[in-house]
Amino acid sequence: MRDANTGFDPTRRRWLQRTGIALSAAALAPLPFAAHAAIDPRSRLILLGTAGGPTPKPDRAAPASAVVVDGVIYVVDCGNGVARQMVQARLDLGAIRHVFITHQHSDHNADYGNLLWLAWAARLHTRVDTWGPPPLAAMTRDFLRMNDYDIQTRIKDEGRPPLAPLIVPHELSKAGVVMRDERVKVTAALVAHPPVAPAFAYRFDCPDRSIVFSGDTRPTPALVELARNADVLVHEVMYEPALAKLIASEPNAERLREHLLASHTTTEQVGRIATEAGVKTLVLNHFVPGGDPALTDQVWRDAVAPHFKGRLVIGRDLLEM
Ligand SMILES: [Zn+2]
Ligand SMILES: [Zn+2]
């Protein structure tokens, strides 16, 4: 079952999923035993990019995740490089059906248009609904206008369908059920991430489990409610002891420090939130600060574990669970 070009073995991936072990496709080694009887779970969660903040990082890609149910892809956030991260994860760009933006910060939306445009240049030719705060509709329109030369060229030269009618943006301004189809129900909560508003967390109720994405937020009761008894909570995290070093290198140090503490969630807080919500698995994501080799997985684990007794996963790019 191994793909000769990629070394990727889908049977082994399913076995890994079933046992709760997750590895990137590139890390897969030969099968330890016959796993053909493994049952394919209906939902997949793939972390595509786990950095936090707008500057590119050497060790992690910008924020983006994918939920895949029965082969249909729901993307959450479109940080820089999301299309390539999806290809790295062996996800079919043509299978994107919905895109959710948590909030309009560049680390979460820089490749919103690029993802759809590049997927269309690959093999996307079906409708994609996009969901997020204003000005999502204007961003969609302006992006298509900015890239009209290439789009028109490919329509004429390569026989592609017009791109604009395929993208259907929906601007969100309040909490509640956002979208429901035959596979998932998506519910939004308003979170506190000043000065950006509205900012959303999203909960995916899939056939086999529930997955919650915090987006960027400081501790917010609405997020605890949204995540109540969820199977998986993917939550942003900030390591406060390392902030001094991060801030020292910035020209606008004091403002940045104020923003970080007023708008994000520390390691201790994220553990307490996961405990209060009663989630089974907490997945750390959107690591701030990033790119610091001293902040090993063990550092993050030691900072959160005293505050959460469930399963704790230190997120990394292309991790699947
Ligand atoms: Zn962010
Ligand atoms: Zn943000």
Side-chain angles (χ1 to χ4, degrees), residues 46-66 75-83 85 99-115 130-136 139 171-173 175 188-202 211-220 222-223 226-227 233-240 242-243 246-247 249-250 252-253 255-267 269-270 273 282-292 295 300 304 314-317 319:
I46 301 111
L47 304 183
L48 298 167
T50 57
T55 55
K57 309 291 191 301
D59 56 339
R60 297 178 185 274
S65 302
V75 177
V76 179
D77 280 334
C78 295
N80 175 237
V82 58
Q85 291 298 104
V99 173
F100 297 84
I101 301 294
T102 58
H103 65 294
Q104 303 295 9
H105 254 153
S106 58
D107 48 332
H108 300 257
N109 69 13
D111 274 10
Y112 161 65
N114 285 341
L115 174 62
T130 68
W131 311 81
L136 191 70
M139 289 166 62
E171 292 189 346
L172 304 176
S173 56
L190 280 164
V191 293
H193 184 50
V196 176
F200 291 104
Y202 295 114
I211 304 167
V212 178
F213 298 90
S214 70
D216 285 9
T217 181
R218 71 169 179 237
T220 310
L223 174 66
L226 185 76
L233 171 61
V234 181
H235 202 296
E236 70 129 282
V237 68
M238 178 169 69
Y239 189 68
E240 204 177 346
L243 287 188
L246 168 76
I247 287 164
S249 64
E250 295 285 334
N252 55 342
R255 273 187 77 101
L256 181 62
R257 182 184 165 76
E258 283 170 23
H259 164 77
L260 290 171
L261 291 172
S263 313
H264 293 280
T265 302
T266 66
T267 46
Q269 289 168 334
V270 73
I273 287 164
L282 169 62
V283 182
L284 302 184
N285 186 40
H286 194 280
F287 292 83
V288 174
D292 182 346
L295 296 180
W300 292 101
V304 175
I314 313 303
R316 60 184 164 83
D317 293 3
L319 185 94

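In what follows, residues are counted from 1 in the order of the sequence shown. Atoms within each ligand, like the ligands themselves, are counted from 1 in listed order.
Side-chain polar atoms of T50 and R60 form a donor-acceptor pair below 3.5 angstrom. Side chains of T220 and T217: a donor-acceptor N/O pair is present below 3.5 angstrom, by distance only.
With sequence neighbours excluded, the residues forming a salt bridge (Lys or Arg N to Asp or Glu O under 4.0 Å) with D292 are K245, listed by chain and number. Judged as a ring-ring contact (aromatic ring centres under 6.0 Å, His included), and not counting sequence neighbours, H235 has no contacts. Under the rule for a ring-ring contact (aromatic ring centres under 6.0 Å, His included), the partners of F213 that lie at least two apart in sequence or sit in another chain are F204.
A heavy-atom distance below 4.5 Å is found between the side chains of E236 and H264.
Neighbours of the Zn ion (ligand 2) restricted to protein N, O or S atoms under 2.8 Å: the count is 4.
Atom NE2 is the N/O/S atom of H286 found closest to the Zn ion (ligand 1).
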